Amino acid sequence: PSAAGTVASLAPRAPAPSHKLLSLSVSTRHHHRPRASSGSDAECNADEDGAEPTASTSRCAQMAHVGRRGRTPNLYWLAPHDEQLRRHPRFIALPPVEDVVVGHESSYRYVRQHTELWDDLHAGRITTGCLTAALGFREDGVCKTLGMGRRGSGDHGPLLGAYRRLRLGTTPTSSGMNREEEETANAERTRAYNAGLDALGPVAPIDGGSDDNDDDPIGKAEDLAAGRTGGGVEGGGDGKTRRKKTRKKRRPKKQPKKRPNALVGDATPWAAARSTRCEMAARRGEGGVRMAWGSAQEAGTVATLMLHHPECVCEEVGLCVVDVDRWRDEWGLGAACVPPVGASPDAVVRFPTVSASGEAGWERLVVEVKNHSPFRRDPGKPGVFYVDDRTPFATPPPHHVPQLQMEMLAAETRAGLLCMQSATRGVRVFRIERDDEYCAGMLRTLGAMHEEYVLRGREPPERMFSDRDWYFDLVRRTVKIAKSATLWEEIPHHARLPGEAYDERPFLPSSG
């Protein structure tokens, strides 16, 4: 739907009626889940929009767990699944990758993130995951200026990794259609997919999705958490082996008060996969948990921003490719051989606007999420983590600037929102305007690296541009942009998608 800001076109457009926007007042999707009609109502009444109340409390529910300990941190603590977010009426979801027509680079924006095809499209291309490395920002000296690396020490390895990626070359894609035909087909498939979501309810409803024939769903969840199965003995087997000493007569269990989210940790379709990821991250230590937490919590932070603004519409977006030829000509970069560049924002959000002449429109903003893990290793107990109350950043770290600026350039927006989540203190949202002079400097640097080293098959040396004045101007401008970021708002709680169940456990049951 054009007015909802689908990925059909990343260029600004005039608003037009659509079933998505009409659903904000009279919706057929999730008709059993009432939504708040105003921002104040949304903040004060959790029953109306599914968000945590904020008028009566100014702290997150997670704050009550500070100091709690366990062995397997729950990376998905109070985090929705991507499918839960996709079903919300104000979220424009991308269709499955098998339904996307992939050919020209402009079609890559329709490819869902974290899929195999999305990964393949990164080959031979500078994306935001390796952008700071390709710019030389992770080298010794520069990384300290930008607040990167442990103890300010640099690392030459990431730059070599970016060099080797560019040496691979891009993955060729062809659909047999021209660019306009691909756009039309993908836009229609996106509309059809979202229309199909209108008929569906929540993926993991707040009743836990228990079977109607299950008389004791909470008891079943406790059995699963303890490793007990319905028909066999503990630890496996066919249930026929009987050992008198191990069989205990179970007392009649007093039915506990049923909590809405009691089952979600074990009964959701994605529970097993999530549990495996949590265990793997815990084995890698605090660093592994910290890295995994960031991606695991992305959908939750996007949902918090969306629910906090009932007037906005969010859209899912894949890999946005920078039109390097266009910008090289517009910005006078000369014959610089800029390599293929792309970026994948965590979302694109649209806010309604009214011009001075009274004309209605939309402001498009890219959304980049940075989630900070609350789990720390207990120095006195090997293998044990505890929940820590981390102080939020007062200003964005400078090393986030290149990513957000490149996302704005790739998605063709004039500004972006950097959402920095603290598990115990909510979300701080910083607004950063696009700086075309800075973006031109990044493309110039990437072009120099590509031309002087990649195309010649020479590995770049450490601090490859340390003798170039224009390079240090870029570094200084990075710090300046971070300092000039505007604290747009503070959301003191993590909102919940209406009707959806959430896992409230900070640690998995097996961790004790």
Side-chain angles (χ1 to χ4, degrees), residues 62 65-82 113-116 118-119 122 127-133 137-138 143 147-162 164-165 225 227 265-266 268 270-301 344 346 368-393 397 399-400 403 420-424 494 502-512:
Q62 291 93 322
H65 297 276
V66 171
R68 187 170 176 180
R69 285 167 166 74
R71 293 187 176 276
T72 309
N74 185 2
L75 302 175
Y76 302 91
W77 184 18
L78 291 175
H81 192 273
D82 291 345
Q113 297 186 33
H114 309 299
T115 61
E116 184 176 353
W118 179 77
D119 286 335
H122 283 61
T127 57
T128 49
C130 65
L131 177 60
T132 55
F137 285 179
R138 306 184 78 172
C143 72
M148 303 176 68
R150 293 186 176 182
R151 297 178 296 276
S153 59
D155 187 357
H156 187 55
L159 175 58
L160 296 179
R164 295 180 186 118
R165 177 191 283 196
D266 298 303
T268 55
W270 47 81
R274 284 186 165 188
S275 177
T276 300
R277 294 190 191 104
C278 292
E279 292 170 357
M280 293 176 62
R283 285 196 291 268
R284 294 196 298 268
E286 185 178 326
V289 171
R290 184 172 59 250
M291 293 295 293
W293 173 270
S295 59
Q297 294 285 325
E298 283 179 2
T301 304
S344 299
D346 292 319
E368 180 57 34
V369 171
K370 298 299 179 184
N371 302 308
H372 299 94
S373 169
F375 298 107
R376 298 290 182 91
R377 288 295 294 265
D378 190 329
K381 298 180 179 179
V384 174
F385 297 82
Y386 67 94
V387 178
D388 186 31
D389 176 24
R390 296 188 61 180
T391 303
F393 284 94
H399 60 262
H400 292 328
Q403 179 179 10
M420 307 195 71
Q421 178 238 52
S422 166
T424 55
H494 302 283
Y502 279 68
D503 192 342
E504 297 183 348
R505 305 167 298 178
F507 295 94
L508 298 185
S510 57
S511 65

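This structure is a prediction, so every number in the text was calculated from the model and none was measured. In what follows, residues are counted from 1 in the order of the sequence shown.
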Participant: Rounded to the nearest 0.5 Å, what separates atom OG in Ser295 from atom NE2 in His114?
Facilitator: 6.5 Å
Participant: How close do Gly383 and Arg377 get, heavy atom to heavy atom, and via which atoms?
Facilitator: N-NH2, 3.0 Å
Participant: Once salt bridge (Lys or Arg N to Asp or Glu O under 4.0 Å) is applied, do any residues pair with Asp155, and if so which ones, sequence neighbours excluded?
Facilitator: none
Participant: Sequence neighbours left out, what pairs pass side-chain hydrogen bond (donor to acceptor under 3.5 Å, both in side chains) with at least one residue falling in residues 379-392?
Facilitator: Asp389-Thr424, Asp389-Arg425
Participant: Please enumerate all residues that pass side chain to side chain donor-acceptor pair (under 3.5 Å) together with Arg283, with sequence neighbours excluded.
Facilitator: none
Participant: Considering all heavy atoms of both residues, which atom of Ala282 and which atom of Pro73 are nearest to each other, and what is their separation?
Facilitator: CB-CD, 4.0 Å
Participant: Does any non-hydrogen side-chain atom of Arg69 lie less than 4.5 Å from one of Asp378?
Facilitator: yes
Participant: When rounded to the nearest 0.5 angstrom, what distance separates NE2 in His81 from OG1 in Thr268?
Facilitator: 8.0 Å
Participant: Can you name the side chain to side chain donor-acceptor pair (under 3.5 Å) partners of Gln113, sequence neighbours left out?
Facilitator: none
Participant: Under the side-chain contact (heavy atoms from CB on, under 4.5 Å) rule, what do Leu508 and Ser275 come out as? Steps first, then yes or no, please.
Facilitator: CA-CA 8 Å; Leu508 298 185; Ser275 177; 3.7 Å; yes
Participant: How far apart are the C-alpha atoms of Lys370 and Glu368, what are their side-chain angles, what is the distance that settles it, and do they pass the salt bridge (Lys or Arg N to Asp or Glu O under 4.0 Å) test?
Facilitator: CA-CA 7 Å; Lys370 298 299 179 184; Glu368 180 57 34; 3.5 Å; yes
Participant: Could you pull out the closest heavy-atom pair between Met420 and Phe393, with the gap in Å?
Facilitator: CE-CD1, 3.5 Å
Participant: Can you find a pair of side-chain heavy atoms, one from Leu159 and one from Arg138, that are under 4.5 Å apart?
Facilitator: no
Participant: May I ask you to test the Arg68-His65 pair for a side-chain heavy-atom distance under 4.5 Å?
Facilitator: yes
Participant: Residues in ring-ring contact (aromatic ring centres under 6.0 Å, His included) with His156, at least two apart?
Facilitator: none
Participant: Quick one: are Asn371 and Glu298 in side-chain contact, heavy atoms under 4.5 Å?
Facilitator: yes
Participant: Are Arg71 and Pro382 close enough that some pair of their side-chain heavy atoms sits under 4.5 Å apart?
Facilitator: no
Participant: Please round to the nearest 0.5 Å and tell me the distance separating atom OG1 of Thr72 and atom CE of Met280.
Facilitator: 13.0 Å
Participant: Which atom names give the shortest non-hydrogen contact between Tyr76 and Cys278, and what distance separates them?
Facilitator: CD1-SG, 4.0 Å
Participant: Testing the basics here: between Arg277 and Leu75, what is the closest heavy-atom pair and its distance to 0.1 Å?
Facilitator: O-CD1, 3.9 Å
Participant: Is the shortest heavy-atom distance from the side chain of Val387 to the side chain of Phe507 under 4.5 Å?
Facilitator: yes
Participant: With sequence neighbours excluded, what pairs up with Ser373 under the side-chain contact (heavy atoms from CB on, under 4.5 Å) test?
Facilitator: Val289, Arg290, Trp293, Phe375
Participant: Whether the side chain of Thr115 engages the backbone of Trp118 through a donor-acceptor N/O pair (distance < 3.5 Å, no angle test) should be reported.
Facilitator: yes
Participant: Out of curiosity, Phe385 CZ to Asn74 CG, how far, rounded to the nearest 0.5 Å?
Facilitator: 13.0 Å
Participant: Is any side-chain heavy atom of Gln62 less than 4.5 Å from a side-chain heavy atom of Pro374?
Facilitator: no
Participant: Taking His494 for its side chain and Ala423 for its backbone only, find out whether a donor-acceptor pair lies under 3.5 Å.
Facilitator: yes
Participant: For Ala296 and Ala79, work out which heavy atoms get closest and say how close.
Facilitator: O-CB, 3.9 Å
Participant: Does a side-chain heavy-atom distance below 4.5 Å link Thr132 with Met148?
Facilitator: yes
Participant: Can any side-chain N or O of Trp77 pair as donor or acceptor with the backbone N or O of Glu504 at less than 3.5 Å?
Facilitator: yes
